[in-house]
Amino acid sequence: MNTLTIAHRRRLEDYMTKAFERAKHFIGYPIATDFDYSELYPLLSLPLNNVGDPFVESTYDLNSRSIEIEVLQFFASIFKAPENNWWGYVTNGGSEGNLYGLYVARELYPEGIVYYSEATHYSVQKNIQLLGLRSIVIRTDDEGEMDYADLEQMIRLHREKPVIILANIGTTMTEAKDDLSAIRRVLKQSAIRNHYIHCDAALAGVYSALLQLEPGFDFSHGADSIAISGHKFIGSPIPCGVVLVKKNYKDRIGKAISYIGTLDTTISGSRNGHSPVFLWYAIKRLGVEGLKQRAVECLEIAGYAIEKFRSIGISAWRNPSAITVVFPAPSLSIRQKWQLATESGSSHIICMPGLKRELIDEFMEELRQEMAVPAAPALL
Ligand SMILES: *Cc1c(COP(=O)(O)O)cnc(C)c1O
């Protein structure tokens, strides 16, 4: 067997040391860190591949389709998908799920216009461009929620066109939620008959559904498709996600391909066969009650963080039932060390599963010390 040279081994060790070091100060991105999938490690020796449609067996039989379907059933249940009329797959992440939702919308309404708020994730603009769709950006309020008066005005200016809404169930910077009932009221009052609502629930979808937080956004509330990220609240060493759509829409997509012996209904060809097993394992091990408990703990930690900020004189805030805590951007060195995303002068921490109070305390202590020292103005 070939082995690494000494130099390459040292290079790998250096990299691994750095990765573990960076994992200690990771509070700015919405990624759970409390998972333990070691029981699944033997599977890493297999090239699992769920190429094509999860519901249609493939000649590539070294896959995790049967597990993937159980994962999809779990999400169909918590998102109240219409029985016998849903379809979906485990994606490479929330962005791919959003692309898929918009793709289905475009197949239904090629002339449709996509309306999405200015607080929408950066990847959506690119997806709209890829699909060659027209789009209009809607204003938000200060907390990041869509301005429905602006939406109504824009829709009325183009009322002859079908309306495709991309609703945020937790925006990237402030975890604001767009309200499907308000959106549907606008559609009704503007007498729009052809419409499609895709929910970008990448960030907050899983715990919002589990805790039945307001406003509701699932299929029973009018969603036509929903995308989530699997590596955020649930947690996974490999980025992944889930997209669900109403099946009668999706039936317009996907050809039978003899080479793989299944339907080409997904965006990418080869699909990760391991990530469905990670998601399955987390769902089965924690169960609905365990996942809910985890979400409640995140909300408590977010409340704790707000109190801590206030105790050192920093005016932090969060949206209702949000685990994202927003505060004025600190110095560049703190932002780099703690990996804090920053936009328009605000940074945030996201109280995902695995974030401990002690780490928040350590972070606050650094902030406090920095404020005590008169420093050069932060570069924003
Ligand atoms: C993370 C996120 C995305 C993108 O999801 P990925 O899993 O990173 O592809 C999209 N929208 C929102 C609101 C997100 O938080």
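Position 1 is the first residue of the sequence, and the numbers go up from there.
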How close do [X] and [Y] get, counting heavy atoms only, and between which atoms?
| X | Y | result |
| --- | --- | --- |
| Thr342 | Ala329 | CG2-CB, 3.7 Å |
| Met154 | His158 | O-ND1, 2.9 Å |
| Val90 | Cys240 | CG1-CB, 4.4 Å |
| Trp87 | Pro54 | CZ2-CD, 3.9 Å |
| Ile183 | Ala167 | CD1-CB, 4.1 Å |
| Ala202 | Asp200 | N-OD1, 3.1 Å |

*asked:* Return the NZ to CD distance between Lys292 and Glu289, rounded to the nearest 0.5 Å.
replied: 4.5 Å
*What's the spacing between His231 NE2 and Ser236 OG if we round to 0.5 Å?*
8.0 Å
*Just do the ring-ring contact (aromatic ring centres under 6.0 Å, His included) check on Phe219 and Phe79 with the steps written out, would you?*
CA-CA 6 Å; Phe219 287 92; Phe79 294 143; 7.4 Å; no
*Compute the centroid of each ring, for Tyr281 and then for Phe35, and state whether the two points are separated by less than 6.0 Å.*
no
*is_close_aromatic(Tyr89, Tyr100), centroid dist under 6.0 Å*: yes
*For Leu102 and Ile164, what are the C-alpha separation, side-chain angles and deciding distance, and is it a side chain to side chain contact (heavy atoms under 4.5 Å, CB included)?*
CA-CA 8 Å; Leu102 292 171; Ile164 301 170; 4.0 Å; yes
Does either side chain, that of [X] or that of [Y], offer a donor lying less than 3.5 Å from an acceptor on the other one?
| X | Y | result |
| --- | --- | --- |
| Glu370 | Ser331 | yes |
| Glu297 | Gln293 | yes |
| Asn98 | His198 | yes |
| Ser123 | His121 | yes |
| Trp338 | Glu366 | yes |
| Glu96 | Thr91 | no |
| Asn272 | Asn92 | no |

Can you tell me if [atom1] on [X] sees more than 12 non-hydrogen neighbours from other groups inside 6.0 Å?
| X | atom1 | result |
| --- | --- | --- |
| Arg11 | CZ | no |
| Asp142 | CG | no |
| Leu157 | CG | yes |
| Gln125 | CD | yes |
| Arg10 | CZ | no |
| Glu343 | CD | no |
| Lys246 | NZ | yes |

*Check step by step if side-chain hydrogen bond (donor to acceptor under 3.5 Å, both in side chains) holds for Thr140 and Ser117.*
CA-CA 6 Å; Thr140 63; Ser117 86; 5.8 Å; no
_With a 4.5 Å cut-off on side-chain heavy-atom distances among I, L, V, M, F, W and Y, is there a chain of contacts connecting Val206 to Val277?_
yes
_Between Ile138 and Glu118, does the side chain to side chain contact (heavy atoms under 4.5 Å, CB included) criterion hold? Intermediate values first, please._
CA-CA 6 Å; Ile138 306 300; Glu118 58 185 331; over 6 Å; no
[X] side chain near [Y] side chain, heavy-atom distance below 4.5 Å:
| X | Y | result |
| --- | --- | --- |
| Leu367 | Ile312 | yes |
| Ile136 | Tyr116 | no |
| Leu299 | Tyr207 | no |
| Arg318 | Val326 | no |
| Phe327 | Ser347 | yes |
| Val163 | Tyr115 | yes |
| Leu291 | Phe74 | yes |
| Ile165 | His195 | no |

_If we check side chain to side chain donor-acceptor pair (under 3.5 Å) with Asn49, which of these qualifies: Ser64, Ser270, Ser58?_
Ser270
*Before giving the answer on side chain to side chain contact (heavy atoms under 4.5 Å, CB included), spell out for Asp61 and Glu57 the whole-Å C-alpha distance, their side-chain angles and the decisive distance to 0.1 Å.*
CA-CA 8 Å; Asp61 203 28; Glu57 274 304 335; 3.7 Å; yes
Mark yes or no for whether [X], through its side chain, and [Y], through its backbone, hold a donor-acceptor pair below 3.5 Å.
| X | Y | value |
| --- | --- | --- |
| Arg184 | His221 | yes |
| Arg106 | Gly132 | no |
| Arg271 | Asn50 | yes |
| Glu175 | Thr324 | yes |
| Ser220 | Lys80 | no |
| Arg139 | Ala149 | no |
| Asn319 | Ala322 | no |
| Asp53 | Thr265 | no |
| Asn168 | Thr171 | no |

Below 4.0 angstrom, N of the basic side chain to O of the carboxylate: do [X] and [Y] qualify?
| X | Y | answer |
| --- | --- | --- |
| Arg368 | Glu365 | yes |
| Glu214 | Lys177 | no |
| Glu111 | Arg134 | no |

*asked:* Angle between ring planes, Phe278 versus Tyr37, binned at 30° and 60°: parallel, tilted or perpendicular?
replied: tilted
*Apply side-chain hydrogen bond (donor to acceptor under 3.5 Å, both in side chains) to Trp280 and Glu68, showing your working.*
CA-CA 7 Å; Trp280 183 92; Glu68 180 178 12; over 6 Å; no
Let me have the donor-acceptor pairs involving side chains of residues 350-363, under 3.5 Å, with sequence neighbours excluded, atom names and distances please.
from: Asp361; atom 1: OD1; to: Tyr304; atom 2: OH; distance (Å): 2.5
from: Asp361; atom 1: OD2; to: Tyr304; atom 2: OH; distance (Å): 3.2

_Working note: Val245 + Asp224, criterion side chain to side chain contact (heavy atoms under 4.5 Å, CB included); need CA distance, chi angles, decisive distance, verdict._
CA-CA 6 Å; Val245 301; Asp224 293 294; over 6 Å; no
*Within 45° of the ring axis of Phe233 and under 6.0 Å from its six-membered ring centre, is that where the NZ or CZ of Arg294 lies?*
yes
